[in-house]
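Counting from 1, the numbers follow the sequence of the chain as shown. On a predicted model such as this, the values are computed, not experimentally measured, just so you know.
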Amino acid sequence: MSLADVVISRIPHPFRGFAIQHREFIKFAIVGGTTFIFDMAIFYTLKLTILADNPVTAKIIAGVMAVILSYVLNREWSFKNRGGRERHHEAFLFFVVSGIGVVIAFIPLWVSSYVLELRVPNVSLTTENIADFISAYLIGNILQMLFRFWAMRRYVFPDEFVATAGSAVILPTPEDLFEEELGHA
């Protein structure tokens with residue numbers, strides 16, 4: 001049973017149908033949480049060591065590394081029932097959308113660091129780190145996540161795989177997809 005299925009199975013029954021319908025978003029959010037932790041670990045490792053004077057550079061490097069991990073996890077898990085494009089085209093679109101997402105994510109950090117000047121010596125190191133976390137990880141990542149989910153579904157992984165019967169197209173129901181993932185199909 002996948003992690004998304006475990007999460008969905010623990011949701012109270014009246015809301016479980018809604019969760020099954022939106023399980024693609026739940027998977028996307030789980031991947032996002034994983035890459036969030038990965039991104040934050042890389043960012044603070046760089047920011048507190050070799051890139052102490054360049055937080056935006058540290059965020060860009062961490063963001064790019066997280067995007068690579070995100071592609072693999074989203075392609076193989078979150079959007080595995082979507083496709084229709086050649087891999088190289090899909091990967092190109094994914095990295096373009098994610099690149100835009102990285103820019104969206106570091107804009108609040110740039111504003112915090114260079115417009116509001118929330119940097120040492122203007123503020124304490126603790127205040128700087130709190131401002132960096134709020135601007136880069138809360139505001140930036142929320143904006144990035146909303147943009148990326150919309151763009152991934154719209155442009156990168158646009159079509160769900162469908163089975164055809166004669167000339168009619170048969171779309172799988174959320175329950176069919178849930179059963180397929182559990183191995184009951």
Side-chain angles (χ1 to χ4, degrees), residues 1-43 62-87 89-108 133-165 168-185:
M1 186 178 285
S2 75
L3 180 59
D5 295 333
V6 170
V7 170
I8 290 170
S9 71
R10 295 178 191 259
I11 295 173
H13 190 26
F15 303 105
R16 193 172 299 149
F18 180 80
I20 289 171
Q21 242 179 344
H22 294 75
R23 101 174 182 281
E24 196 172 69
F25 181 76
I26 292 169
K27 288 180 177 184
F28 182 79
I30 291 169
V31 168
T34 302
T35 57
F36 170 83
I37 292 167
F38 180 80
D39 184 315
M40 193 166 50
I42 300 297
F43 172 69
V64 168
M65 293 175 71
V67 164
I68 293 168
L69 177 62
S70 178
Y71 175 70
V72 172
L73 296 175
N74 278 305
R75 168 71 258 145
E76 299 302 322
W77 189 54
S78 300
F79 298 109
K80 78 175 187 177
N81 292 322
R82 291 179 167 265
R85 297 188 188 281
E86 293 182 28
R87 273 299 154 105
H89 188 236
E90 176 185 271
F92 174 76
L93 289 173
F94 185 92
F95 289 108
V96 166
V97 166
S98 295
I100 294 168
V102 168
V103 170
I104 289 170
F106 82 69
I107 288 172
F133 180 80
I134 291 170
S135 61
Y137 287 98
L138 296 183
I139 298 169
N141 276 355
I142 288 171
L143 293 172
Q144 173 182 223
M145 180 188 74
L146 294 171
F147 167 75
R148 287 182 66 233
F149 184 72
W150 170 79
M152 293 297 168
R153 288 178 52 92
R154 177 95 165 106
Y155 299 109
V156 181
F157 308 111
D159 304 314
E160 293 192 56
F161 292 126
V162 295
T164 59
V169 174
I170 302 169
L171 294 172
T173 67
E175 291 78 18
D176 293 338
L177 293 172
F178 185 69
E179 289 294 316
E180 175 185 313
E181 258 190 36
L182 291 175
H184 299 131

#### Entry: Contact summary for Ala105 and Gln144, nearest pair of heavy atoms
CB-NE2, 3.7 Å
### Query
Does the side chain of Phe147 reach to within under 4.5 Å of the side chain of Val97, using non-hydrogen atoms?
yes
#### Entry: Aromatic centroids of Phe28 and Trp77 separated by under 6.0 Å
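No, the ring centres sit 6.0 Å or more apart.
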### Task
Go through the steps for Glu90 and Arg87 under the test salt bridge (charged side-chain N to carboxylate O under 4.0 Å, His left out), then give the verdict.
CA-CA 5 Å; Glu90 176 185 271; Arg87 273 299 154 105; 3.8 Å; yes
### Distance-minimising heavy-atom pair for Pro108 and Ser135
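Heavy atoms only, the tightest pair is CB-O, 3.2 Å.
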### Gap separating the CG atom of Leu143 from the CG atom of Leu138, nearest 0.5 angstrom
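Reported to 0.5 Å precision, the distance equals 11.0 Å.
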When the side chains of residues 62-69 are checked against the rest of the protein, which donor-acceptor pairs come out under 3.5 Å, sequence neighbours left out?
none

#### Entry: Derivation of the side-chain contact (heavy atoms from CB on, under 4.5 Å) call for Asp39 and Tyr137
CA-CA 9 Å; Asp39 184 315; Tyr137 287 98; 2.7 Å; yes
### Summary
Sorted by chain and number, sequence neighbours left out, side chain to side chain donor-acceptor pair (under 3.5 Å) with Ser70 holds for Asn74, Arg148
### Message
Which label fits Tyr71 and Phe94: parallel for a plane angle under 30°, tilted from 30 to 60°, or perpendicular past 60°?
### Response
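Tyr71 vs Phe94 ring planes: perpendicular.
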### Task
Begin with the C-alpha distance, continue with both residues' side-chain angles, and end with the deciding distance and a verdict on side-chain contact (heavy atoms from CB on, under 4.5 Å) for Met152 and Val156.
CA-CA 5 Å; Met152 293 297 168; Val156 181; 3.8 Å; yes
### Task
Would you indicate whether the side-chain heavy atoms of Phe106 and Val102 approach each other to under 4.5 Å?
yes
